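Source: prediction; values computed, not measured. Below, chains carry the letters A, B, ... as their sequence lines are ordered, and counting in each starts from 1. Both backbone and side-chain heavy atoms feed into the values below; hydrogens, waters and symmetry mates do not.
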Amino acid sequence: MSQSELPKIYDPKKVEDKIYKIWEDSGFFNPDNLSDRKEKYANILPPPNANGELHIGHASGYVTMDLLGRYNRMLGKKVLLLPGKDHAGIQTQVVYEKKIKKERGISRHDLGRDKFYQEIYDFCIDRSQYMRNQEKKLGLSADWSREKFTLNPNLVNIVLETFVQMYNEVDNEGNRMAYKGKRIINWCPRCASALADVEVEHEETTSKLYWIKYGPFVLATSRPETKLGDTAVAVHPDDDRYKDMVGKKYMIPGVLGEFEVLVIADKEVDMSFGSGAIKVTPAHSFTDNEIAIRHRLPSRQIIDESGKMMANCGKYAGMSTKEAREAIVTDMQKMGLIDHIEDNYIQNLSVCERCKTPIEPIPSEQWFINVDHKNFSLKNEARKVISNEDIKIHPASFKKIMLNWIDNVHDWCISRQIWWGPRIPAWYKDGEIKVQLDSPGKDWVQEEDTFDTWFSSGQWSYTTLEYPEGKDFKDFYPSNNMIMGRDILPFWAFRMIILSLYKTKQIPFKNLYFTGLIRDEKGLKMSKSKGNGIEPLEMIEKFGTDAVRLSVLIGSSPGNDMNLGETKIESYRNFVNKLWNISRFVIAKIGANVTEEKIDEENLTSADKWIISKAKNLITEVTTNLEKYNFSLAGEKLQDFTKNDFADWYLEVAKFEDNQTEKNIILKKILEDLLKLWHPFIPFVTEEVWSNLNKEKLLLIEAWPTLESWNEISDKNHDTESHIFIKTQTIITAIRNLRAENKIEPTKKVKAIIYAETNFDELKNNEILITNLRTGISELILAKSGEKPADAIYTIVDGIEIYLISEVNKEKEQQRIQEELRNLTKYVAGLEQKLNNVEFIKKAPSQIVAQEKEKLASVKLNISEIKKHLEKLE
RNA sequence: GGGUGUAUAGCUCAGUUGGUUAGAGCAUUCGCAUGACAUGCGAGGGGUCUCUGGUUCGAGUCCAGAUACGCCCACCA
């Protein structure tokens, strides 16, 4: 193999698609084709919503999952990364409704339920195809033959069965785990659907605050139209202003005549708000409803599910709440019932997460999951597996957040009044309800509502594995790592845990890893409207997948947000190119084959011993950091070794030392190890280089490097001997530094004298390195000691004196050396203080004390030599 | 209001069970056609580790408090 075959600059575009195809064709993404392996490993990949495209946040998650998958595959496990897509109920329906409105000017009602469903289905299948290609572009080593969609019939079946099972879960008081109930729910008038708490957003808005005359009260409200549904006035129990009125009934004049309210005392009331008295509308406010339940107040619904005033609202019937508010305020003003109006009242308005329409709290018949059922308390069971770490959470700090969230969870409203999604298998006839998969017979009408999307995706961990009889379920459940963005923790992780525990009686996964969010360079959330998003495909096109992968893997820590800009991706593009060139050099140097397998230890130089020891250490560090989910740290260690140790030092050394046989063995081994260690991070470039090494197997399924694999080459421990090379490095750096500081022309060669004292014997063999590694030395005299020239640029490191014979500007040289002296003196003072402290000597570990003493002695020696040199200069 | 997190170089962040003169990348300064790479190489500059107290022989690291910023949840009629 000649070096000329490999281009100088690595071009990902020419490589990535080709490599991906080789991987796919190999079949090794499918664990069935890794039949000789025993230990199983699975990550079920979170399904993105099949209605759009992948953004950089998805990319970050997938890259992390792929990293784990590839790492474990190289550890010799039978690895399954199982991909899929989510139908994303409300979101997709909204997206598609907008689309047909825009493109065809029609609504879902024009199409009818069945046609509409079919069209969205086709739309999702189409988007899935597109997104699958994006995932492949990222290098995701997933088994596409197992890809799932939340609406695949067999998955839906399992989901429906779960619901039936929960309906049939009845405690001794007759309460079902899945039940239908009338509750105040978040109602989106535009979507005409109930929303879960998590689907509601709170926007700060400016509105009006109306101070209204209310019988004996004056009270403040932002929603005067709800006065028609009032049944009480509430005050704080400690509020002296109203003490005498509590428990009494008053007739209140209103726009539809007088009505009666009861005055009650409740701790929920904030005495400092308005006049301290509030009107209570149990049917259209969550807090009011709670107060009403506590005080057994009657409830009076006045707003219906279309957001309009109901028939019981007299002349206001049929108006929207907004229209009604204006009309009622006008009428109240006429009647003199408005005290005054505050214009700039800032309140948190609840809006629909999907369409931003203000939500109406209304009482409605909905299906719920009781999360604290007597037979099986979902929240308690979930709490248990998290607090005792059956499911380990990474980063650990998220455990607290998770537990806190579980403690505050309410019953889960799972019905949605939309068409897109699995329809709830409840059947009605003459006021009777049956819950079962198939229609009970003629004249039974199925529930119109569909399931909340999370009811499907919450079962993703086992539906994808074909629960309960599927081979995959038996082989791979529970899966190893579940990875998701920290923003969907409450939505998804909790639901998967409770549903899995209930249905399979097992945890869904052993580890739960949260990635942070990716923000733009300035730390702002990326969004389409701001146009500050980083498009993964665009970046891949520009810098290559490997660069994109590194940019999301390094410099981030679990659960913490990360700022990402194009320059970061570019810098990793540069690094990938560096690795490419390192490989080129090594391949060129070692030639096609290295026949020797075992090193003759006698022929090793100190540089060899140093790099071997570093390389071994690297394997340990990368492996332990990956095991500890410190992906970033593992990557940084690799980067540091690759660039600073291997390229900047060892490759340079290899150009000058002539123990060819040993060098070739070492270079080859380290290159191969590096490719392997890097592979989970940057699979494309590593596989491409690997293909140039005449290997039988793909790097994809190669074995992860181990210390044992080094022992076959060199089983000696070289840690202690590598310090000779470190000393050499120090000398070389010092010489380069001296040259730079004294502005010696790079082309100008100088004579150097080094007095190494006790280090002489060790350094003797490294003369060639000191002379050649960009030190610009024409002649080197290395001795134990000797005559100390005054006309030379001078420094001393670790007691080793260095003289560069060159013209010396005495004044400048004095200044430079005195500066150095000052630094050292300061350092010595600190050390002495520490060592003069009796407590330190007494209490610190002896090892630390010895270390400090050694440092002091060494620096003191340097100082005395520097002083001698200074004297000579004067 | 409840929960939770962050604060280290101009920027983005590492910093493991407390122990090197606190590190990296980007940016910046100086220099360099050098043979794998100018997507490169060599050498620098740049830090009161937010503040105040405490524990300790020793604190960027542990504890308490303060300040600032952030996120999640709940939500005010």
Side-chain angles (χ1 to χ4, degrees), chain A residues 3 6 8-10 197-198 202 209 219-223 226 234 268-270 272-274 277-281 285-288 291 347-348 350 397-398 400-401 403-405 407-409 486-487 489-490 517 521-523 543 547 554-557 559-565 567-568 570-589 624-625 628 630 632-633 636 639-640 644 647-648 651-652 655 733 736-741 743 745-747 773-775 823-824 826-827 830-831 834 837-845 847-849 851-852 855 859:
Chain A
Q3 175 198 327
L6 301 178
K8 227 164 112 165
I9 295 207
Y10 173 68
D197 290 346
V198 288
H202 302 279
L209 187 64
L219 47 80
T221 179
S222 62
R223 299 200 60 187
T226 61
E268 279 293 300
V269 179
D270 178 1
S272 63
F273 177 82
I278 63 167
K279 61 193 213 55
V280 180
T281 321
S285 155
F286 288 94
T287 353
D288 290 6
I291 292 174
Q347 66 167 2
N348 273 328
S350 302
S397 61
F398 276 57
K400 276 185 285 183
I401 302 177
L403 289 175
N404 179 259
W405 198 84
D407 290 339
N408 292 313
V409 76
R486 64 161 179 75
D487 52 329
L489 172 147
L517 304 184
E521 280 163 302
K522 292 169 196 149
F543 301 115
I554 299 185
S556 69
S557 52
N560 285 330
D561 293 357
M562 173 178 56
N563 296 5
L564 179 65
T567 51
K568 184 174 178 189
E570 188 182 0
S571 78
Y572 285 115
R573 186 271 316 259
N574 296 351
F575 178 77
V576 168
N577 190 57
K578 180 84 184 174
L579 182 62
W580 174 254
N581 274 293
I582 288 168
S583 311
R584 270 179 80 211
F585 176 78
V586 173
I587 289 170
K589 180 122 180 96
T624 42
N625 277 309
K628 281 154 63 184
N630 292 329
S632 177
L633 208 50
E636 282 171 66
Q639 214 181 335
D640 185 50
N644 299 334
D648 289 352
L651 294 191
E652 294 303 319
K655 289 175 185 171
T733 305
R736 290 170 178 171
N737 183 354
L738 282 180
R739 292 188 61 117
E741 279 194 16
K743 308 237 185 277
E745 297 281 318
T747 45
L773 295 189
R774 302 205 178 166
T775 46
N823 284 341
L824 290 177
K826 223 165 93 186
Y827 180 40
L831 283 175
K834 200 186 251 186
N837 184 339
V838 188
E839 295 293 304
F840 175 71
I841 304 289
K842 215 162 59 184
K843 292 183 181 166
Q847 192 192 346
I848 300 284
V849 177
Q851 222 174 65
E852 298 293 305
K855 273 190 255 173
V859 178

Colleague: Starting at the 5' end of RNA chain B and moving along, which residue's nearest nucleotide shows up first, Gly555(A) or Thr733(A)?
Modeller: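 With Gly555(A) and Thr733(A) compared, the 5'-side residue is Gly555(A).
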Colleague: What integer number of Å spans the C1' atoms of U21(B) and U17(B)?
Modeller: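 Straight-line distance between the two C1' atoms is 24 Å.
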Colleague: Between G19(B), G40(B), U21(B), which nucleotide gets closest to the side-chain atoms of Asn574(A)?
Modeller: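 Nearest nucleotide to the side chain: G40(B).
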Colleague: To the side chain of Lys400(A), which of G5(B), U39(B), G19(B) is closest?
Modeller: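 So the side chain of Lys400(A) is nearest to G5(B).
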Colleague: Using a strict 4.0 Å threshold on nitrogen-to-oxygen distance, state whether Glu745(A) and Arg739(A) make a salt bridge.
Modeller: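 Result for this pair is no, no salt bridge flagged.
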Colleague: Pick base, sugar-phosphate or nothing for Asp640(A), based on heavy-atom distances below 4.0 Å to the nucleic acid.
Modeller: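 Result for Asp640(A) = nothing.
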Colleague: Check every atom of A77(B), C37(B), C32(B) against the side chain of Thr221(A) and return the nucleotide holding the closest atom.
Modeller: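 Between A77(B), C37(B), C32(B), the one nearest the side chain of Thr221(A) would be A77(B).
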Colleague: Which of these nucleotides, A77(B), U20(B), A36(B), is closest to any side-chain atom of Lys855(A)?
Modeller: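 Of A77(B), U20(B), A36(B), U20(B) is nearest to the side chain of Lys855(A).
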Colleague: Looking only at the side chain of Ile401(A) (C-beta and beyond, no hydrogens), which of the listed nucleotides U4(B), C73(B), C30(B) gets closest?
Modeller: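 Nearest nucleotide to the side chain: U4(B).
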Colleague: Of the options C37(B), A77(B), G25(B), whose atoms approach the side-chain atoms of Lys279(A) most closely?
Modeller: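 Nearest to the side chain of Lys279(A) among the choices is A77(B).
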Colleague: Can you tell which of Phe585(A), Phe575(A), Tyr10(A) makes a ring-ring contact (aromatic ring centres under 6.0 Å, His included) with Trp580(A)?
Modeller: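 Single pass found, and it is Tyr10(A).
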Colleague: Report the nucleotide, chosen from C37(B), U21(B), G35(B), that has the shortest atom-to-atom distance to any side-chain atom of Lys655(A).
Modeller: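 Of C37(B), U21(B), G35(B), G35(B) is nearest to the side chain of Lys655(A).
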Colleague: Take the protein atom CZ of Arg739(A) and the nucleotide atom C1' of C41(B), then report the distance between them rounded to whole Å.
Modeller: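 Distance check: Arg739(A) CZ to C41(B) C1' gives 15 Å.
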Colleague: Of all the nucleotides listed (A77(B), A36(B), U20(B)), which has the minimum atom distance to the side chain of Tyr827(A)?
Modeller: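 Nucleotide nearest to Tyr827(A)'s side chain: U20(B).
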Colleague: So does Lys568(A) get a side-chain nitrogen or oxygen closer than 4.0 Å to the phosphate oxygens (OP1/OP2) of C11(B)?
Modeller: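 False: Lys568(A) side-chain N/O out of range (4.0 Å or more) of C11(B) OP1/OP2.
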Colleague: Looking at A14(B), does its base get a donor-acceptor pair with the side chain of Gln639(A) below 3.5 Å?
Modeller: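 Result: no qualifying N/O pair found.
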Colleague: Give a yes/no on whether any side-chain N or O of Lys8(A) is located under 4.0 angstrom from OP1 or OP2 of U39(B).
Modeller: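 The answer is no; no side-chain N or O of Lys8(A) sits under 4.0 Å from OP1 or OP2.
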Colleague: With respect to the side chain of Asn837(A), which nucleotide from A36(B), C57(B), G3(B) is positioned closest?
Modeller: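 Per side-chain heavy atoms of Asn837(A), the pick is C57(B).
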Colleague: Check whether any side-chain nitrogen or oxygen of Asn737(A) sits under 4.0 Å from OP1 or OP2 of G44(B), and answer yes or no.
Modeller: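 Answer yes for this pair, as a side-chain N or O of Asn737(A) is under 4.0 Å from OP1 or OP2.
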Colleague: Counting side-chain heavy atoms from C-beta on, which of A14(B), A36(B), C57(B) comes nearest to Glu636(A)?
Modeller: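 Looking only at heavy atoms from C-beta outward on Glu636(A), the closest nucleotide is A14(B).
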Colleague: Toward the 5' end of RNA chain B, which comes first, Leu651(A) or Ser222(A), by nearest nucleotide?
Modeller: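 Upstream on the strand: Leu651(A).
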Colleague: For residues Lys589(A) and Lys655(A), determine if any side-chain heavy atom of one lies less than 4.5 Å from a side-chain heavy atom of the other.
Modeller: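 Lys589(A) does not reach Lys655(A) side chain to side chain.
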Colleague: Look at all strands and tell whether Lys578(A) reaches a base, only sugar-phosphate, or nothing, counting heavy atoms closer than 4.0 Å.
Modeller: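 Touches a base.
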